[in-house]
Amino acid sequence: MNDMINLNSQRASDARLGKLIGKAGYRSLLAIGAAAAAGAIVLGVTSGARFALLLASPALLCFLPAIWWKRQLSVLPPQGTDLLSVDVLSRLKPGTTLNPQTMWAAIQDHWQATFFTNHLLLGKDTLGTSLSTNPAELEHALNIAHELAVKNESPTIELGFVVAGLLLASEPIKQMLVQFKAQPSDVEAMANWLGRNLDEALFAKRNFGGIGRDWAFGFTPLLNRYGQNISLSITKHGSHFGWLMESAGVRAIETAFDNRTSAVALIGPDGIGKSSSVYALAQRLIEGEKTTQRLAYHQIISINATDITSTARRPGDLENLMINLTNEASHAGHVILFFDDAQLFFSDRPGAFDAGQILLSIIQARTVPIILAFTPNDFQRLRTTNQSLANLLTPVMLQELPEAGVMRVLEDHAVGIENRNKVLVAYEALREAYRLSGRYEQDEAYPGKAIKLLQQAASHTEHDVVSAKSVQLAIEQTRGIKVGTAVAAEADTLLHLEDKIHERMINQTHAVGVVASALRRARAGVANPRRPIGSFLFLGPTGVGKTELAKAVAATYYGAETNMVRLDMSEYQQPEDVSRLLSNGQQESKSLIMAVRQQPFSVILLDEIEKAHPNVLNLLLQLLDEGQLTDVAGKAVSFKDCIIIVTSNAGAQAIRERVEQGEALQSFQAEFTNQLISSGQFKPELLNRFDEIVLFGPLQPAELGQIVALMMREINQTLSNQNISVELSPNAIQKIVTAGYDPRLGARPMRRVLQRAVEDTVAQKILRGETNPGDHIMLDAPDLAV
Amino acid sequence: MLVLSFFSWWYGRGWKQVFDSFGPRLKNIANAFSVNQLTRTLFAPWRRIITYPGATFGDRLRAWGDNLFSRIVGFFVRLAVLFAALLVIVAAAGFTVIELLVWPLLPIAIPGLIIAGLVA
């Protein structure tokens with residue numbers, strides 16, 4: 001450590017002096033020096049050389065230390081192994097006992113330390129008391145800081161790197177970070193973020209070509225009127241695309257144009273950064289030195305389809321305008337045209353504007369470089385509608401950034417969000433935006449979807465801080481789902497889920513318990529996020545409550561019974577039926593894909609799975625494994641927010657017999673499952689993929705009475721509109737149970753019997769005028785015609 | 001200690017910095033005056049204001065004349081700017097030389113000016 005910090009060195013002493021003088025001292029020295037110099041000049045003119053010379057001396061006495069401060073003391077270049085930045089050195093007094101705590105105490109007031117504590121939501125005092133007093137730990141921290149400086153190509157170990165080193169070298173702090181749902185890697189990412197900001201501040205002054213940059217190029221009045229000059233807007237507003245200028249996509253476009261390609265198709269899904277890449281390319285070109293001589297100082301002008309179509313008054317106007325714009329660009333000699341959302345220029349609707357032929361001839365003539373931005377689907381469509389044009393384009397595919405890259409983009413955007421909204425964006429918010437947008441925004445690519453979510457979160461701040469909770473609130477508001485940690489009331493519902501489900505379902509306590517546990521796991525965030533929330537195989541006889549439990553789950557977990565997609569798998573018995581399930585909806589109404597796309601937060605109930613074709617079962621394997629399916633057009637649809645319930649009557653007879661013999665369901669479940677596999681009814685790989693296999697036993701006579709009571713509650717709810725209520729006597733209930741229960745069909749005929757017996761009887765009474773609003777009808781067994 | 005530190009910087013790294021600063025200063029001037037661009041395109045037509053040749057000999061001759069005029073205009077404008085850049089570079093170089101020469105004298109000048117003032 002002595003190598004890295006020597007508080008008695010000349011450099012350390014200079015650093016302390018520099019801090020003592022400070023910017024205020026420097027300005028004061030300059031002001032006094034300037035006043036003395038001015039005085040010397042005046043005296044020289046009015047009173048002769050004597051006083052002028054005497055006053056010039058104090059002027060110099062002020063200017064010389066000011067120069068020293070500006071050029072040396074305020075920057076202090078590194079010397080040998082003495083690499084600590086002036087900010088750190090100047091804050092350490094000689095004789096200080098050096099350890100993490102004293103180091104923190106010395107540097108905590110600097111903005112770079114605040115940058116870490118604010119973004120990690122850590123209290124400065126808490127941090128100070130959690131740090132060790134062991135000097136060896138400071139040495140470890142400084143080594144980490146040195147590594148971070150090397151990684152960020154910083155000649156000195158900046159104060160922020162020392163802070164990161166202190167955090168990363170301390171075990172208690174690392175544990176504290178975990179408690180705050182942060183990770184040690186976040187600290188390193190923040191150090192790199194800080195490194196980029198420092199780098200940008202250092203190279204803020206950029207060269208955009210000087211006075212005669214455009215003199216060899218033509219004027220572009222028409223393009224200035226109808227297009228947006230991205231390059232000039234960068235030179236005016238000083239946007240900075242930093243590392244994106246070196247990205248593979250930007251380099252690929254540059255290389256293509258340098259190799260005299262006339263047109264580039266920039267292909268990538270929405271949100272992947274097509275426009276940002278073009279902006280970064282514009283900066284690269286307008287800075288001149290970064291690119292080849294051929295492309296130096298070229299300007300990118302964006303043409304917007306809506307803007308130019310709105311100017312057309314007569315047929316042919318648009319075509320003429322397009323020709324004039326491209327002619328002007330070609331003549332100017334330094335223009336690259338950018339057509340964002342290029343598919344808008346290739347409309348095949350009757351009467352709509354189609355620039356396909358004009359662009360084809362321009363690209364063939366190779367007179368002006370063009371960038372056309374497409375989504376993969378739009379480019380595919382162009383290939384089918386205008387193959388000759390598509391063949392002339394050099395495709396540049398933009399790849400989705402890895403997590404570290406997306407986080408880097410989010411960090412850069414967070415600065416803008418903080419400045420615009422006057423808020424603080426905590427680092428946990430960036431992580432949460434990445435995580436939740438990945439899970440819930442399927443229609444857009446990274447980093448666009450994460451940026452959008454982070455921007456939305458800025459309107460859900462708490463004490464002007466955008467936190468992970470703000471991001472959760474943003475997605476809850478836009479998607480109508482619950483993603484945050486369960487609040488007290490909801491936690492109570494989850495803890496008593498079984499009771500809630502039993503309010504509408506009789507018995508089947510084992511099945512209800514298994515499903516409720518799975519839902520609790522999902523809501524508490526301990527389930528695997530890459531698979532559906534829960535997947536269950538319900539086995540048992542007909543009419544024992546399998547579908548009812550699925551409905552209860554939809555109502556309890558998603559808030560409404562209607563949040564259920566139900567498919568009868570007996571309709572998918574042919575191999576070609578797989579495509580019906582995966583249809584993107586234009587041809588097939590019973591498409592699983594479309595149902596989930598419209599209602600991503602649903603119970604998916606697949607009835608009678610044993611009747612489906614094996615190809616359908618293979619599809620189910622993929623769904624349970626990956627939590628997603630791909631439609632016929634190749635677009636993925638997520639099932640990660642769904643609960644998959646598959647029902648089957650396979651082995652129903654065996655279940656009934658064993659329960660009637662007095663065996664408990666759990667006692668023979670394993671044996672029963674093995675029988676299903678050995679009999680070839682289910683493949684082991686399918687059964688293994690379900691979270692739970694749930695056996696449903698046949699209903700007992702006592703439970704049937706309770707079911708009648710439940711159904712009566714529904715009937716009374718319907719009649720409540722007319723202010724009439726109905727009640728059944730015990731004899732009447734017994735009569736309905738006897739008539740409605742069928743050992744093969746379970747309680748299924750019960751509803752029909754109840755309808756016939758009760759609803760018909762009440763209807764007749766109403767029509768005969770025997771019952772009026774406000775009446776309570778008591779029905780006994782003889783009243784019912786069953 | 002303080003004075004020693006000041007003098008060791010002033011006559012060491014400080015003096016060298018004056019010399020080293022000439023390179024970036026030169027580069028800034030060259031960039032501001034677009035020296036590279038203007039040299040490369042010295043004979044290019046001014047802002048590409050050019051005439052396209054027609055079919056007849058007269059049209060071709062007129063286009064040639066117009067374009068020659070555009071190039072001449074461009075040449076003189078660029079030459080003027082390059083000349084201005086050269087002047088600024090010479091001035092900057094002169095300033096740097098003076099700075100280099102005066103630099104070591106400045107600390108001595110503080111007592112020197114007082115003495116000179118008292119003597120005068």
Side-chain angles (χ1 to χ4, degrees), chain A residues 8-11 13-14 16-18 20 40 43-44 48-65 67-73 75-77 79 205-220 287-289 293 296-297 328 330-334, chain B residues 1-10 12-14 16-18 20-21 27-50 52 71 73-74 77-78 80-82 84-85 103 105-120:
Chain A
N8 298 315
S9 70
Q10 185 59 50
R11 189 165 176 268
S13 165
D14 285 352
R16 288 190 291 271
L17 178 64
L20 193 70
L43 284 176
R50 183 187 173 90
F51 292 108
L53 290 168
L54 283 173
L55 206 53
S57 178
L60 268 185
L61 201 59
C62 292
F63 283 137
L64 265 51
I67 295 169
W68 186 33
W69 184 87
K70 181 72 180 169
R71 294 191 183 179
Q72 173 70 4
L73 298 181
V75 284
L76 277 188
Q79 273 179 359
K205 199 180 167 195
R206 294 190 183 82
N207 163 41
F208 295 120
I211 188 173
R213 182 189 66 201
D214 299 334
W215 288 353
F217 303 120
F219 291 106
T220 54
E287 285 188 11
E289 289 171 350
Q293 201 174 9
Y297 307 116
E328 190 175 276
S330 162
H331 180 71
H334 69 319
Chain B
M1 187 75 171
L2 182 81
V3 177
L4 191 72
S5 175
F6 169 77
F7 278 107
S8 86
W9 175 77
W10 191 269
R13 192 192 285 267
K16 190 174 175 292
Q17 274 179 6
V18 175
D20 291 344
S21 67
K27 196 179 169 196
N28 284 342
I29 295 166
N31 283 336
F33 284 92
S34 314
V35 171
N36 259 347
Q37 279 282 87
L38 297 184
T39 316
R40 275 197 303 114
T41 59
L42 193 60
F43 298 104
W46 174 251
R47 303 276 350 204
R48 292 204 172 201
I49 302 172
I50 51 172
Y52 292 98
R71 285 174 193 275
V73 169
V77 174
R78 289 185 185 101
V81 173
L82 285 173
W103 185 268
L105 303 176
L106 287 174
I108 307 164
I110 297 171
L113 285 167
I114 295 172
I115 294 165
L118 292 173
V119 171

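So you know, we letter chains A, B, ... as the sequences are listed, proteins then strands, and number each from 1.
Contact count versus chain A (heavy atoms, under 4.5 Å) is highest, among Gly74(B), Ala32(B), Ala30(B), for Ala32(B). Between chain A and the residues Val35(B), Leu106(B), Leu4(B), the largest count of heavy-atom pairs under 4.5 Å involves Leu106(B).
Interface remark: Thr41(B) contributes side-chain atoms only to the contact with chain A (heavy atom separation under 4.5 Å). Looking at Leu17(A), the atoms closer than 4.5 Å to chain B (heavy atoms on both sides) all sit in the side chain, from C-beta outward. For chain A, the nearby part of Leu38(B) is the side chain; its heavy atoms alone come within less than 4.5 Å. Of the atoms belonging to Trp9(B), it is side-chain heavy atoms, and not backbone ones, that fall under 4.5 Å from chain A. With a 4.5 Å cut-off on non-hydrogen atoms, Tyr52(B) touches chain A through its side chain but not through its backbone. In this structure, chain B has a heavy atom under 4.5 Å from the backbone of Ala332(A), while its side chain stays farther away.
In plain terms, the two heavy atoms of Arg71(A) and Val18(B) that are nearest each other are NH1-CG2, 3.7 Å. Looking at every heavy atom in both residues, Val77(B) comes nearest to Trp215(A) through CG1-CZ3, 3.9 Å. Annotation for Leu2(B) and Trp68(A): closest pair O-CH2, 3.8 Å, computed over non-hydrogen atoms. In terms of heavy-atom proximity, Gln72(A) sits nearest to Gln17(B) at OE1-NE2, 4.4 Å. Nearest heavy atoms, Gly212(A) versus Ser34(B): N-OG, 2.7 Å. Summarising the geometry of Ile50(B) relative to His331(A), their closest heavy-atom pair is CG1-CE1, 3.6 Å, with the distance given to 0.1 Å.
When the side chain to side chain contact (heavy atoms under 4.5 Å, CB included) test is applied to Lys27(B), the partners found at least two apart in sequence or on another chain are Glu289(A), Asn31(B).
Judged by distance alone, with hydrogens and angles left aside, the side-chain atoms of Arg48(B) form no donor-acceptor pair with the main-chain N or O of Phe219(A) at under 3.5 Å.
Using a 4.5 Å cut-off on side-chain heavy atoms (C-beta onward), Ser8(B) and Gln10(A) make no contact. Side-chain atoms of Leu73(A) and Phe6(B), non-hydrogen and from C-beta on, never get closer than 4.5 Å to each other. Between Arg40(B) and Gln293(A), some side-chain heavy-atom pair lies under the 4.5 Å cut-off.
Taking CG of Asp214(A) as the reference point, atom CZ of Arg47(B) lies at 5.5 Å (rounded to 0.5 Å).
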Side-chain donor-acceptor contacts of residues 48-59 of chain A below 3.5 Å, not counting sequence neighbours, with atom names and distances?
unit_1: Arg50(A); atom_1: NH1; unit_2: Leu118(B); atom_2: O; d: 3.2
unit_1: Arg50(A); atom_1: NH1; unit_2: Ala120(B); atom_2: O; d: 2.8
unit_1: Ser57(A); atom_1: OG; unit_2: Ile110(B); atom_2: O; d: 2.7

